[in-house]
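Just so you know, ligand 1 is whichever comes first in the structure, and atom 1 is the first atom listed for that ligand.
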Amino acid sequence: MDIVHLHSKVIAEHDTPLLVLPVYEENDSSFISIPDELAHEIYNTVDGSMRPMFKEDVKSKMGESLLVYLRSDAGPQRILFVGLGEKSSLDSESLRRFGGHAVRGAESLGVSSLTIYPGCLESEVAKEFSQAVVEGAVMAQWDYNEMKTDLKKNKDKLLESLEVLAEEPIASQVKSGIEVGKIIGGASNFARTLQSRPGNVATPTHLGEEASRIASEYGLKVMVMGPEEIKANDMQALLAVSQGSSEEPRFIILEHEGGNPDDPPLVLVGKGLTFDAGGLSIKPSSGMEDMIFDMSGGASVIATLQGVAALGVSKNVIGLIPCSENLINGAAMKPGDIIGSKEGKTIEVINTDAEGRLILADALSYAQSFSPAAIVDCATLTGAVVVALGHHAAAVLGTDADLVEELKIAGERSGERCWPLPLWDEYRQQLDSEVADLSNVGGRSAGAITAACFLKEFVGDYKWAHLDIAGTAYGEGKLSYQRKGALGFPTRLLIEWIRSREE
Ligand code: BES
Ligand code: MG
Ligand code: ZN
């Protein structure tokens, strides 16, 4: 795919099989924000008696669309008008969905190139909005088809080129927005591909190989530990989870050195549980196949490192991904077992299905060795978070109110929202154990909070926040730029947060 920017003056003469234009609602009527020359061109091609009907049919509600064929020999052959909703409440997310609708329109027409004109953007938002359009368009094009043998069918759908038009004086902002949008959309798509790979392909070993591959491609430092090194680093909780499986565990470390060498890094930790059967506390078989997505946090951290490297972010960023399966064999950890951890704390395993917090515990302890400016982990950690917030926001919990607020803002700006839950000391009592330092489960109530309380035991005094993405990492994919399945969440959020720390 190819993204170029063109001067909007030539828009009426610009040859393209499909031009997509936005329609806003302003003062209760539809409003097409386009240069006069183009407006004339469109009106001239609409038969005079049809013009009132045309005006009536151009709708402005989000996602509503109208396809028009132009008569002239040169210039756009078709124009797809796509509604963006109320002009006054326009935000990045509207533009992201607009980009998605444009690609879906091109797909259903079967055209191989697409031209998007996002309208006359105000200069303060031009960069941000064009970034969002491109993110939406890039994400909309992604599909998971590498396991389908009938590749031709999928190839037919592929867009060969995507153009975004811009006019002076905002052309340079649009251009840099396009570059950023391409990278962030691409990073999110990479997370989606890793997420989508089935458990027999995306093993801990595979995630280690993919991390090494992108490290050499994007100039990241990488280290992938196997069982021996994990043992040497005393990650007993990670080993306890992985001992129930014949796949070897991995502990991945990716580093982007974008800041001064002595700047404390931002450390991201992602749960890389490549298949969660629950262990001996086995899950019901219905829906168990979704547990291939239990490495979504890890996928997102790998993709985020790819994104910050490609953007050349001026921060030191480290990604840690503990990778394991959670299965059952004769050596599997059992309910009632008491295990150790890198932190030195002992853990009573009441439920082997609460394994994410175990592998994250050791990764969080490891994170402390970098004396980080902040630690942020993301994990498909609890079904309880889905009960609390559904599929529209991740939960964010942490030890530092400013960090939680930064993540919440980054969530709004990136369209990957998170919402705070409390981490009061009272909840910690639910993890008290008669026989060990703490239990790995805290009972039925406040499950997402007690899971975070568990993690908090392993972060020392560092600023830390946790994103529970069990309800947001994958799903129905109803938005124009999504598909059912992997959603890449929270790759955009994390990149946005790291960039927000650049100033
Ligand atoms: N991977 C699951 C959490 C999950 C649930 C992810 C639904 C995506 C969708 C996690 O390992 C798990 O099994 N958590 C248990 C914890 C419980 C035993 C305390 C859960 O939420 O049921
Ligand atoms: Mg589990
Ligand atoms: Zn899990």
### Query
Which of the atoms in ligand 1, numbered in the order shown and given with their element, are less than 4.0 Å from a heavy-atom of Lys283?
2 (C), 12 (C), 13 (O)
Validation: residues 198-209 side-chain donor-acceptor distances under 3.5 Å, sequence neighbours left out:
unit_1, atom_1, unit_2, atom_2, d
Thr203, OG1, His206, N, 3.1
His206, NE2, Arg197, NH1, 3.0

### Message
Is the contact between Leu381 and ligand 1 made by the side chain, the backbone, both, or neither, using heavy atoms and a 4.0 Å cut-off?
### Response
backbone
### Message
For Ser296 and Gln195, which I'm curious about, is there any donor-acceptor pair between the side chains at under 3.5 Å?
### Response
yes
### Task
Measure the distance from atom 16 (C) of ligand 1 to every protein heavy atom, then report the residue, atom name and distance (to 0.1 Å) of the closest one.
Arg357 NH2, 3.8 Å
### Query
Pairs in or reaching into residues 377-392: which pass side chain to side chain donor-acceptor pair (under 3.5 Å), with residues at least two apart or in two chains?
Asp294-Thr380, Asp377-Trp464, Asp377-His466, Thr382-Asp468
### Query
Which is closest to atom 13 (O) of ligand 1 in terms of heavy atoms, Thr382, Asp353, Ile350?
Asp353
### Task
Classify the side-chain pair Glu502/Ser314 by whether it contains a donor and acceptor separated by less than 3.5 Å.
yes
### Query
What residue and atom, counting heavy atoms only, is the protein's closest point to atom 2 (C) of ligand 1, and at what distance?
Asp276 OD2, 3.5 Å
#### Entry: Atoms of ligand 1 close to Lys271 [distance to a heavy atom under 4.0 angstrom, numbered from 1]
1 (N), 10 (C), 11 (O)
### Task
Evaluate the side-chain proximity of Ser300 to Pro490: yes if any heavy-atom separation is below 4.5 Å, no if none is.
yes
### Task
Just need the protein heavy atom nearest to atom 18 (C) of ligand 1, so name the residue and atom and give the distance.
Asn351 ND2, 3.4 Å
### Message
Strictly below 4.0 Å, N to O, side chains only: are Arg483 and Asp143 in salt-bridge contact?
### Response
yes
### Message
Can you confirm whether Thr274 sits close enough to Glu247 that some side-chain heavy atom of one is under 4.5 Å from a side-chain heavy atom of the other?
### Response
no
### Task
Around the Mg ion (ligand 2), list the protein N/O/S atoms within a radius below 2.8 Å, excluding water molecules.
Asp276 OD2, Asp353 O, Asp353 OD1, Glu355 OE1
### Message
For a distance under 2.8 Å, give residue and atom name for each protein N, O or S atom next to the Zn ion (ligand 3).
### Response
Lys271 NZ, Asp276 OD2, Asp294 OD2, Glu355 OE2
### Check: Trp142/Ser188 side-chain N/O donor and acceptor closer than 3.5 Å
no
### Message
Would Met295 count as a contact residue for ligand 1, given that I'm defining contact as a non-hydrogen atom of the residue lying under 4.0 Å from a ligand atom?
### Response
no
### Task
Kindly give the heavy-atom pair with the smallest separation between Gln368 and Tyr462, and that separation in Å.
O-OH, 3.6 Å
### Sub-6.0 Å ring centroid separation between Tyr474 and Phe489
no
### Query
Are the charged groups of Arg501 and Glu496 less than 4.0 angstrom apart, N to O?
no
#### Entry: ligand 1 atoms in contact with Val441 (distance to a heavy atom under 4.0 Å)
19 (C)
### Message
Please list the nearest protein heavy atom to atom 5 (C) of ligand 1 with its residue and the distance rounded to 0.1 Å.
### Response
Gly383 N, 3.6 Å
### Message
Is Phe454 close enough to touch ligand 1? Criterion: a residue heavy atom under 4.0 Å from a ligand atom.
### Response
no
#### Entry: Glu355 neighbourhood, listing ligand 1 atoms whose heavy-atom distance to it stays under 4.0 Å
11 (O)
### Query
Under 6.0 Å from the CZ atom of Arg417, do we count more than 12 heavy atoms belonging to anything else shown?
no
### Query
What pair of heavy atoms forms the shortest contact from Ile230 to Arg250, and how long is it?
CD1-C, 3.8 Å
### Query
How does Arg444 reach ligand 1, if at all, at less than 4.0 Å between non-hydrogen atoms: by side chain, backbone, both, or neither?
neither
### Query
Hey, is Asp337 close enough to Lys334 for a salt bridge, meaning N to O under 4.0 Å?
yes
#### Entry: Heavy-atom neighbours of Lys463 NZ exceed 12 at 6.0 Å
no
### Message
Quick check: Tyr474 and ligand 1, any N/O pair under 3.5 Å apart?
### Response
no
### Task
Check whether more than 12 heavy atoms from other residues, nucleotides or ligands sit under 6.0 Å from atom CG of Asp461, and answer yes or no.
no
